[in-house]
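I have placed the structure first, in the form of structure tokens, so that the comments after it can refer back to it.
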Amino acid sequence: MIVRVSGEGQFRLPDGDSERLNELDNRAVNAVEQGDEHGFRELWTQMLELVAADGNAIDGDDLVESDVIMPPRDISFAEAKAEFTGDGLIPD
Amino acid sequence: MAGLAGRMSTVFKSKISRMLDKTEDPGETLDYGYQKQVELLQNVKKGIADVVTSKKRMQMQTSKLEQQVVKLDTQARQALSQGREDLARAALERKTVAQTEMQSLDTQVKELEAQQEQLIANEQKLRTKIETFRTKKEVIKAQYSAAEAQVKISEAANGVGEEMADLGLAIQRAEDKTENMRARAGAVEELEAAGALDDMTQLGSGQDDIDRELAQIGAGGQVDDELSKMKAELGPGDAEAPPQIGEGEQKGQA
């Protein structure tokens with residue numbers, strides 16, 4: 001699985017991480033919907049940590065599309081409200 | 001996983017497919033794609049240059065605030081030495097506001113600096129990707145049938161397009177941030193200008209709305225502290241005899 005952290009680049013992660021990342025994402029969406037900034041921050045940090053721990057950075061000479069694009073690390077809660085919404089969550 | 005991917009990648013994908021939909025012949029698409037990438041790289045460079053310019057402007061604004069802090073401090077001392085505590089207080093209140101804003105700006109400029117470095121590094125990465133695309137397109141043109149080439153092209157082009165769109169987004173964010181900072185710094189300058197302390201008698205007459213506003217911000221504690229510190233510096237300075245001479249004599253006698 002290829003993940004992009006916006007502003008930082010692409011990382012190759014084991015496919016098994018997809019489920020974990022998705023779970024964190026769902027919980028982050030919930031936190032945002034409930035206006036729980038602290039909860040969101042915690043989950044967002046866990047998502048970034050997962051990418052940092054398991055991901056291998058992809059070189060500039062590798063032209064691949066990302067499966068997942070994560071927002072910028074320093075995303076504000078206001079931005080998160082626009083990004084982490086129920087709309088995009090339901091697959092297809 | 002469609003959640004995250006769905007949310008952000010649609011923005012990128014539409015940009016990329018707009019780029020690819022222009023032509024039907026794979027060879028032509030490739031050349032067009034590359035040409036477009038090189039063009040967009042120029043925009044990226046310009047965007048980064050704009051961020052750098054904005055940042056420099058912010059640094060200038062920070063040093064202007066720094067001058068104001070010094071000026072207000074001097075005015076406070078002058079006012080106090082003339083027995084005008086009310087004026088000194090007003091000056092110190094403004095100084096506190098300017099100082100707080102200056103510190104916050106300073107922090108943000110430093111953040112922007114880090115972002116700028118990241119942008120430049122990413123631009124380099126994008127340039128490498130475009131170069132890879134250039135090499136790859138010749139290989140694709142030479143080796144693949146039209147149908148196969150189409151698939152390979154969109155893979156490669158999406159890879160470059162995503163990088164480009166992401167960098168564009170990062171530049172946009174950095175620009176928004178400087179805009180935001182500039183507006184805030186401007187507001188403080190205006191505040192200072194509105195309550196300019198040049199005409200001290202006018203201000204001394206009482207509380208104007210700026211004074212009240214400043215007081216509300218809660219600068220009170222810090223101002224009180226500073227005021228008493230200034231008093232201590234100014235006050236006993238005249239009253240006490242120069243102690244250094246005394247010390248010198250003692251040493252001489254010993």
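All values below were derived from every heavy atom in this structure, side-chain atoms included, with hydrogens, water molecules and symmetry-related copies excluded. Everything numeric here is computed off the predicted structure, so don't read it as measured data. By convention in this document, chain letters (A, B, ...) are assigned in the order of the sequence lines, proteins followed by strands, and residues within each chain are numbered from 1.
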Open item on the list: Could you check whether atom CZ of A/Phe77 has more than 12 heavy atoms from other residues, nucleotides or ligands sitting under 6.0 Å from it?
Closed with: yes
Open item on the list: Counting C-beta onward and ignoring hydrogens, is there a side-chain heavy-atom pair between B/Glu163 and A/Leu63 closer than 4.5 Å?
Closed with: no
- [ ] Just do the salt bridge (charged side-chain N to carboxylate O under 4.0 Å, His left out) check on B/Arg173 and A/Asp74 with the steps written out, would you?
- [x] CA-CA 11 Å; B/Arg173 281 184 102 234; A/Asp74 65 346; 2.6 Å; yes
- [ ] Starting from the C-alpha separation in whole Å, work towards a yes-or-no answer on side-chain contact (heavy atoms from CB on, under 4.5 Å) for B/Asp166 and A/Glu8.
- [x] CA-CA 9 Å; B/Asp166 191 45; A/Glu8 292 178 34; over 6 Å; no
Open item on the list: Donor-acceptor check, side chain of B/Asn122 to backbone of A/Gly7, threshold 3.5 angstrom: yes or no?
Closed with: yes
- [ ] Against chain A, label B/Arg127 side chain, backbone, both or neither, depending on which of its atoms sit under 4.5 Å from a heavy atom there.
- [x] neither
Open item on the list: Assess whether a salt bridge exists between A/Asp59 and B/Lys125, defined as any Lys/Arg side-chain N lying under 4.0 Å from an Asp/Glu carboxylate O.
Closed with: no
Open item on the list: As an exercise: rank B/Leu126, B/Thr128, B/Thr132 by heavy-atom pairs under 4.5 Å with chain A and give me the winner.
Closed with: B/Thr132
Open item on the list: Assess the residue pair B/Glu162 and A/Ile69 against the criterion (side-chain contact (heavy atoms from CB on, under 4.5 Å)); give the C-alpha distance rounded to whole Å, side-chain angles, the decisive distance to 0.1 Å, and a yes or no.
Closed with: CA-CA 10 Å; B/Glu162 190 187 297; A/Ile69 296 171; 4.0 Å; yes
